[in-house]
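Convention: sequence-line order gives letters A, B, ...; per-chain numbering from 1.
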There are 2 protein chains.
Amino acid sequence: MLAALTRAGYSNTRARRSVLEALFEANGQASPSELLVLGRAHHPALGIVTVYRTLEVLSELGLVRRLHQDDGCHTYAPVQHHHGHYVICVRCHRTIEFEGCDIGAVIASVEAQTGFKVREHWLEMFGLCPDCLAPGRDAA
Amino acid sequence: MLAALTRAGYSNTRARRSVLEALFEANGQASPSELLVLGRAHHPALGIVTVYRTLEVLSELGLVRRLHQDDGCHTYAPVQHHHGHYVICVRCHRTIEFEGCDIGAVIASVEAQTGFKVREHWLEMFGLCPDCLAPGRDAA
DNA sequence: CGGTTATTTGAAAACCATTTTCAGTTTTCA
DNA sequence: TGAAAACTGAAAATGGTTTTCAAATAACCG
Ligand SMILES: [Mn+2]
Ligand SMILES: [Mn+2]
Ligand SMILES: [Zn+2]
Ligand SMILES: [Zn+2]
């Protein structure tokens, strides 16, 4: 990921490295302010502005994807599959990317129903992760 | 819709009526500030706070659904089908609800891949509406 | 109908995630 | 190593949304 940044002409800075590390230490996905906290463990002077700026660059390069939260805030997850979507645990917020979003038939049906030509889609799923499904668990 | 509000114990006020009218005059979906403008045609003193409050009540009663915009802002659309999702025109923002979101197989596959138990999902599609598909059109 | 009470309303202020500005710092590269 | 380009963080600005609060309105009862 750092290599991709460098290849794209961006400098290899301590601030950016700390954001990358934070991204991989998170629970599959994290908000900018969570990344700030995680990143400061590696680079205490890290500022929130740089977290936002780094995430924007990573998004443009397709290395990170922005997830939408119900309240309108955003969260970021490393991209694993070219066409991936996410399942998010509503209890502990663990997030896993899945592939095989096989909604071609749904898209065809929507196009037939509405006359639209569909170009993109958002799909996010919410539920409980294996840990949170296990009975008798209390900690997050 | 007004009847449903009354039935649920809410007062029938001029401000709420103007928000309802605005909702049906919109292009299938509208932001709070757009609804404010439309609503003021019916009730000039309408305030943005009441628009938000009315939308919150309508959401709770299941009469309106909140759509997520890419920038994190929200938009609201009248509910037509119990389990509906939306296609949004990226050019003119016309929004149509569709039903028959047949993603049971995708959900099963995600559950198998990840071990999660899926409870809910978000699905929004983006593309061009019939009008905006027609060549030689320029107006929105 | 009035009168009374409970609900609702809008302006202004508060909130808070995100973006912009800007002067100082760090990287890059020759 | 030194100059130029890229980057950084603090502080301020932005803008959608929520909270507060006193005044206005709707519902209800006689
Ligand atoms: Mn997909
Ligand atoms: Mn669905
Ligand atoms: Zn979990
Ligand atoms: Zn259109």
Side-chain angles (χ1 to χ4, degrees), chain A residues 1-22 26 29-61 64-76 93, chain B residues 1-22 26 29-61 64-76 93:
Chain A
M1 202 140 151
L2 228 192
L5 272 184
T6 306
R7 201 177 319 122
Y10 292 97
S11 309
N12 175 345
T13 68
R14 192 167 173 198
R16 283 184 182 141
R17 270 177 271 129
S18 71
V19 174
L20 292 184
E21 292 175 294
Q29 141 264 33
S31 66
S33 61
E34 287 165 347
L35 292 171
L36 179 67
V37 171
L38 291 171
R40 280 187 166 163
H42 302 282
H43 176 38
L46 180 65
I48 188 73
V49 192
T50 297
V51 174
Y52 278 101
R53 286 192 283 227
T54 303
L55 291 170
E56 190 185 348
V57 169
L58 294 174
S59 297
E60 275 164 13
L61 296 179
V64 143
R65 220 172 254 130
R66 192 170 60 154
L67 306 194
H68 299 260
Q69 306 286 105
D70 194 50
D71 62 6
C73 299
H74 299 121
T75 248
Y76 294 80
H93 299 114
Chain B
M1 204 138 152
L2 228 191
L5 272 184
T6 306
R7 201 176 319 121
Y10 293 96
S11 310
N12 175 345
T13 68
R14 192 168 173 197
R16 284 186 182 139
R17 271 178 271 129
S18 72
V19 173
L20 291 185
E21 291 174 296
Q29 139 264 36
S31 66
S33 60
E34 286 165 347
L35 292 171
L36 178 67
V37 171
L38 291 171
R40 280 187 167 163
H42 302 281
H43 176 38
L46 180 64
I48 188 73
V49 192
T50 298
V51 175
Y52 278 100
R53 287 191 282 227
T54 303
L55 291 170
E56 190 185 348
V57 168
L58 294 174
S59 297
E60 275 164 13
L61 296 179
V64 143
R65 222 172 253 129
R66 193 170 58 152
L67 306 194
H68 299 259
Q69 306 285 106
D70 194 50
D71 61 5
C73 299
H74 299 121
T75 248
Y76 294 80
H93 299 114

Between the protein and nucleotides 28-30 of chain D, list every N/O to N/O distance that falls short of 3.5 Å.
none

Below 3.5 Å between N/O atoms, which protein atoms pair up with nucleotides 1-3 of chain D? Just atom names and distances, please.
none

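Partners of Thr13(A) under the side-chain contact (heavy atoms from CB on, under 4.5 Å) rule, at least two apart in sequence or in another chain, are Ser11(A), Ala15(A), Arg16(A). Remark: Ala45(B) engages His43(B) in a side-chain contact (heavy atoms from CB on, under 4.5 Å) (not counting sequence neighbours). By the side-chain contact (heavy atoms from CB on, under 4.5 Å) test, Arg66(A) is found to be paired with His68(A), His74(A), Tyr76(A), Asp70(B), residues two or more places apart in sequence or in another chain being considered. With sequence neighbours excluded, no residue satisfies side-chain contact (heavy atoms from CB on, under 4.5 Å) with Ala41(B).
To the nearest 0.5 Å, atoms CG (Leu2(B)) and CG (Asn12(B)) are separated by 5.0 Å. Interatomic distance, Leu46(B) CG to Leu36(B) CG, rounded to the nearest 0.5 Å: 5.5 Å. Interatomic distance, Arg65(B) CZ to Gln29(B) CD, rounded to the nearest 0.5 Å: 13.5 Å. The CG atom of Leu58(A) sits 4.5 Å away from the CE atom of Met1(A) when rounded to the nearest 0.5 Å.
Scanning both residues, Thr75(A) and Ser31(A), for their nearest heavy atoms gives OG1-N, 3.7 Å. When all heavy atoms are compared, the tightest approach of Ala22(B) to Gly39(B) is CB-N, 3.7 Å. Pairing each heavy atom of Glu34(B) with each of Ala30(B), the nearest pair is OE1-CA, 3.3 Å.
Residues from residues 44-52 of chain A lying near DNA chain C, meaning a heavy-atom separation below 4.0 Å, are Val49(A), Tyr52(A) in numerical order. The stretch residues 29-36 of chain B touches DNA chain D through Pro32(B), each having a heavy atom under 4.0 angstrom from the strand. For DNA chain C, the neighbouring residues in residues 13-21 of chain B, judged by any heavy atom under 4.0 Å, are Thr13(B), Ala15(B), Arg16(B).
Nucleotides of DNA chain C with any atom under 4.0 Å from a heavy atom of chain A span, from 5' to 3', dA17(C) to dT28(C).
Gln69(B) places its CD atom 17 Å from the P atom of dG15(D), with the value rounded to the nearest Å. Distance Leu5(A) CG to dA6(D) P: 15 Å, rounded to the nearest Å. The distance between atom OH of Tyr10(A) and atom C1' of dA5(D), rounded to the nearest whole Å, is 14 Å.
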>> Using the rule given for side chain to side chain contact (heavy atoms under 4.5 Å, CB included), can you reason through Val64(A) versus Val57(A), listing the C-alpha separation, both sets of side-chain angles and the distance that settles it, and then say yes or no?
In response: CA-CA 9 Å; Val64(A) 143; Val57(A) 169; over 6 Å; no

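With DNA chain D read from its 5' end, the first of the two nearest nucleotides for Arg53(B) and His74(B) is the one closest to His74(B).
From one end of the helix from dC1(C)-dG30(D) to dA30(C)-dT1(D) to the other, with five pairs defining each end axis, the axis direction shifts by 40° (rounded to 10°).
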Which side-chain N or O atoms in residues 47-56 of chain B pair as donor and acceptor under 3.5 Å with protein atoms at least two apart or in another chain?
residue  : atom : partner  : partner atom : Å
Thr54(B) : OG1  : Thr50(B) : O            : 2.8

